[in-house]
Number of protein chains: 2
Amino acid sequence: MKLASSRDRAPGRPVSRQVLADHVYEELLAWLMDGRLEPGAAVSIDGTARELDVSPTPVREALARLEHTGMVRRVALKGYRVAPVFTREDFAELMEARLAIEPVNARLACSRITPGGLADLREAVKDLETAPRGPSFAEFRDYLEADERFHKLIAEQSGNQFMLSAYNALGGQVQRFRLFGGVGITDAEQAIAEHQAVFEAMASGDPEQAAAAMADHVHKVRARAIADAPAD
Amino acid sequence: MKLASSRDRAPGRPVSRQVLADHVYEELLAWLMDGRLEPGAAVSIDGTARELDVSPTPVREALARLEHTGMVRRVALKGYRVAPVFTREDFAELMEARLAIEPVNARLACSRITPGGLADLREAVKDLETAPRGPSFAEFRDYLEADERFHKLIAEQSGNQFMLSAYNALGGQVQRFRLFGGVGITDAEQAIAEHQAVFEAMASGDPEQAAAAMADHVHKVRARAIADAPAD
DNA sequence: GATGGTCCATTCCTATAGGATTTGTCTATG
DNA sequence: CATAGACAAATCCTATAGGAATGGACCATC
């Protein structure tokens, strides 16, 4: 694979303002999101550089940025590895944290949301409804994407940069939780209804109801996942 | 300034497991904490490399890691800059986020804290009491350090890696808020009493009281800062 | 005086080279 | 067979070099 270098860009065109390290970052992120990199797998700097046909330097920078998302871990002199699969305890902790953060985001967003933001949210809910839901990852990828987008939109619409940062500190982890024991989509209809409830509360402009709906949603996500979890 | 390279390390000693980029990271972090780098100031990669007598490569990696803390910002092809001073709005947002996160940390930590953790907390409170408090930064540096340590300890003792990540997402910012209009320490006695209240609630093993004490503390920090804030 | 163009120093960005470390394999020895 | 040591390949880490972009100074032109 060959990434477009800043050198072989047609002159005169508006500068992309994006350097090679940014492309590498996005590519690696896509790999992680797609599940192309399995948990625990080594992410070699030199190997990735060869794969993307760039030098190790931008790969090193991209990985350094990725480390803080929690999706890869680094050990000095040993390199980077994809973060291991979630344990049951990890999952419980993530839900505990989401319960602390996401209802607050919903409450804040509800009182400040713009018509445009509301429209984006409506679209995410709609995509959630129409996305195909099959047993394999490829078949519910769009569903997960819409789910993630819904929650991220609310964090952004909170208007609080720190709450957004806090959510993003969970962001990569929220994606990764789908790897928790290979749990797929269960009771999607119910989850969709919960998202609709959050959306409607936000649309009606009732912050406390929005927070309550979000808390209820996270609670039920946890309950469903625990019910489906494989035995240790 | 010359950092110890891994090359000129005495053989046979236990390996430090820390590479040059780690040293650069810590050095830059110290510069930022100390206020040696003013908000808005450029942090040149080559310049820092010369200053620390290393090559630009580890500096680049260290800065990439620092970026996500919010203490430095990067613009492609233009380099890194120390994040600008907090505005009144930034400060309000930070306090809002702290109110969402820190009481939860206190509640969780209270139900899981170990005797050792409690001892660490007691020490932080004690340091807070005895730290000198003068008008200049150097004179209340220890005070701020103990304050930060107290809150970080609670985040760590929460036993929830995600809540700790969320807190750390605010971490650098919590430090930076002291730059908010140059506000120093006001009513330190009162702040110390609030910390003591949090500690005592935790020591008594009442999670809800601990959460309430922490919420009360953050509320009052906000109130004091707003009262002291310079006019825009 | 304001605008626009050219030159130059600084800085960022990427590639490359080579030393240092880790890891796996292979062999020799008890 | 188990263990220890030697070797080799892969990888990480840092330094260095040079192309590319930025920003400012200087100067010409309107």
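What's counted below: heavy atoms across the whole structure, side chains too, no hydrogens, waters or symmetry copies. Remember, predicted model here, so these are calculated numbers, not experimental data. The chains referred to below are lettered A, B, ... by the order of the sequence lines, with proteins before strands, and numbering in each begins at 1.
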Given C:dA15, C:dT21, C:dC13, identify the nucleotide with an atom nearest to the side chain of A:Leu77. C:dT21

Tell me which one of B:Val125, B:Leu128, B:Asp127 satisfies side chain to side chain contact (heavy atoms under 4.5 Å, CB included) with B:Arg149. B:Asp127

Work out which heavy atom in A:Met163 is nearest to a heavy atom in A:Ser158; give both atom names and the distance. CB-OG, 4.1 Å

Measure the distance from NE2 on B:His23 to P on D:dA15 and round it to the nearest whole Å. 12 Å

Could you tell me how far apart A:Gln18 (CD) and C:dT14 (C1') are, to the nearest whole angstrom? 16 Å

Closest approach of A:Tyr25 to A:Arg65 (non-hydrogen atoms, all atoms of both residues): CE1-CB, 3.7 Å

Whole-Å gap separating P (D:dT14) and CG (B:Asp53): 14 Å

Please state how far atom CG in A:Leu20 lies from atom P in C:dA15, giving the value in whole angstrom units. 6 Å

Write down the distance between CZ (B:Arg74) and P (D:dT22), rounded to a whole number of angstrom. 13 Å

At under 4.0 Å between heavy atoms, what does A:Val24 touch on the DNA or RNA strands: base, sugar-phosphate, or nothing? nothing

Taken to the nearest whole Å, CZ/A:Arg81 to P/D:dT11 is 12 Å

OP1 or OP2 of D:dG23 less than 4.0 angstrom from a side-chain nitrogen or oxygen of B:Lys78, does that happen here? yes

Passes side chain to side chain donor-acceptor pair (under 3.5 Å), B:Ser165 versus B:Asn168? Steps please. CA-CA 5 Å; B:Ser165 292; B:Asn168 281 334; 5.7 Å; no

Establish, with yes or no, whether the OP1 or OP2 oxygen of D:dA10 is under 4.0 angstrom from a side-chain nitrogen or oxygen of A:Ser44. no

Is there a side-chain polar atom (N or O) of B:Ser55 under 4.0 Å from OP1 or OP2 of D:dA15? yes

Atom pair distance, as rounded to whole Å: CG in A:Asp46 and C1' in C:dT22: 13 Å

Is the phosphate of D:dC12 approached by A:Arg60 (side-chain N or O, under 4.0 Å from OP1 or OP2)? no

Within the structure, does a side-chain N or O atom of B:Arg50 lie under 4.0 Å from either OP1 or OP2 of C:dT11? yes

Using a heavy-atom cut-off of under 4.0 Å over every strand shown, decide if B:Ala21 touches base, sugar-phosphate, or nothing. sugar-phosphate

Could you tell me how the ring of A:Phe162 sits relative to the ring of B:Phe86: parallel (under 30°), tilted (30 to 60°) or perpendicular (over 60°)? tilted

Send over the distance from A:Leu52 CG to C:dA15 C1', rounded to a whole Å. 15 Å

So if I take every side-chain heavy atom of A:Ile45 and compare against C:dT14, C:dC13, D:dC12, which nucleotide ends up nearest? D:dC12

